[in-house]
Number of protein chains: 2
Amino acid sequence: MTHSVTLLEETWLASAGLRPTRQRLSLAHLLVGDGEHRHVTAESLYEASRDSGEKVSLATVYNTLRVFSEAGLLREITVNGARSYFDTNVSNHPHFFWEDSEELMDAPADELEIARLPDAPDGAEISKVDVVIRLRRS
Amino acid sequence: MTHSVTLLEETWLASAGLRPTRQRLSLAHLLVGDGEHRHVTAESLYEASRDSGEKVSLATVYNTLRVFSEAGLLREITVNGARSYFDTNVSNHPHFFWEDSEELMDAPADELEIARLPDAPDGAEISKVDVVIRLRRS
DNA sequence: GTATATGCAAATTATTTGCAGGAAT
DNA sequence: ATTCCTGCAAATAATTTGCATATAC
């Protein structure tokens, strides 16, 4: 069931200069509607959208995730050759990746301490540093 | 041009219990024949193989990279949603990834110092930690 | 009214698989 | 002999794109 309040979602879109269409608002609601951080794939968000009774096509989910990422509203995480994950937490933080279930979670940022990092080669600057801690059930 | 010496490549395969077929020896030669570390994709290795005059099918390149990785001879690196990279350096070390050219390189391992790492959640152990430093030309 | 977004189906890209023939042990 | 490997073509999976219609500004 959709909240009647769309202010948060509208503000979120507006902050990136994106038009508040029905589809974007409904996906935004699923992504950031409750203030919790979320990790989704195109497929998982599409299913969540279907389950919530909204109608948004899979192509639009793909396109919207891409647009949101390029606008800085999401962070794309690459852990797995095949699928892309998108994180509503756009700050620099490490991830746990469960190798068996292919699930991606935040790892506690305050427990990671990088004391020294290689310098970027000449002519380059660091765009971001991805730290993925891969987990195997023991 | 293929070296007449295949001892290194044979040893490399034998150490993982893999049969020294013509195709594997020739790919192994391209991968570790000169003792340098290399980062390849299926496509790039296939091209290198074609250029060297050997005939190995693309499917076999894919299958062979997978077999080599599962045998521990290569390390698969995921940097990019789409393509898989394979590294002949199987030790734990960070990578530079050039976002514009999609090129993957080793970063100096001695310049990375991780002082503290999040503990694995209960019931899990760390399988590996991937550190990818993404670079943008400046 | 004009620019931008959406939906569908078709296209593309990376990769895997089934199976018949070939090579290694 | 038997087990494993290779090549091809077809299958699959994730994602993108072209284009007509719909919606936001």
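Please read all numbers here as calculations on a predicted model, not as lab measurements. In what follows, chains are A, B, ... by sequence order, proteins preceding strands, each numbered from 1. All values below were derived from every heavy atom in this structure, side-chain atoms included, with hydrogens, water molecules and symmetry-related copies excluded.
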Provide a list of protein-nucleic acid N or O atom pairs under 3.5 angstrom, restricted to nucleotides 22-25 of chain D.
none

Taking only N and O in the side chain of B:Tyr62, is any of them less than 4.0 Å away from OP1 or OP2 of C:dT16?
no

Rounded to whole angstroms, how far apart are CD on A:Glu102 and C1' on D:dA14?
12 Å

Is any side-chain nitrogen or oxygen of B:Gln23 closer than 4.0 Å to OP1 or OP2 of C:dG22?
no

Minimum heavy-atom distance between B:Leu31 and B:Arg38, given as atom pair plus value:
O-NH1, 3.3 Å

Looking at A:Arg66, I'd like to know whether one of its side-chain N or O atoms comes within less than 4.0 Å of OP1 or OP2 on D:dT16.
yes

Looking for any heavy atom pair under 4.0 Å, which part of the strands does A:Ser84 touch: base, sugar-phosphate only, or nothing?
sugar-phosphate

Round to a whole Å and report the spacing from OH of B:Tyr46 to P of C:dT16.
16 Å

Ignoring backbone atoms, test whether A:Ser57 places a side-chain nitrogen or oxygen under 4.0 Å from the OP1 or OP2 oxygen of C:dG7.
yes

Has B:Arg24 got a side-chain N or O lying under 4.0 Å from the OP1 or OP2 atom of D:dC4?
no

Take the protein atom CG of A:Leu27 and the nucleotide atom P of C:dA5, then report the distance between them rounded to whole Å.
14 Å

Interatomic spacing from OG1 in A:Thr60 to CZ in A:Arg22 - rounded to 0.5 Å:
9.5 Å

Rounded to whole Å, please give me the gap between CZ in A:Arg83 and P in C:dT16.
13 Å

On DNA chain C, more 5' by nearest nucleotide between A:Val67 and B:Thr41 is A:Val67

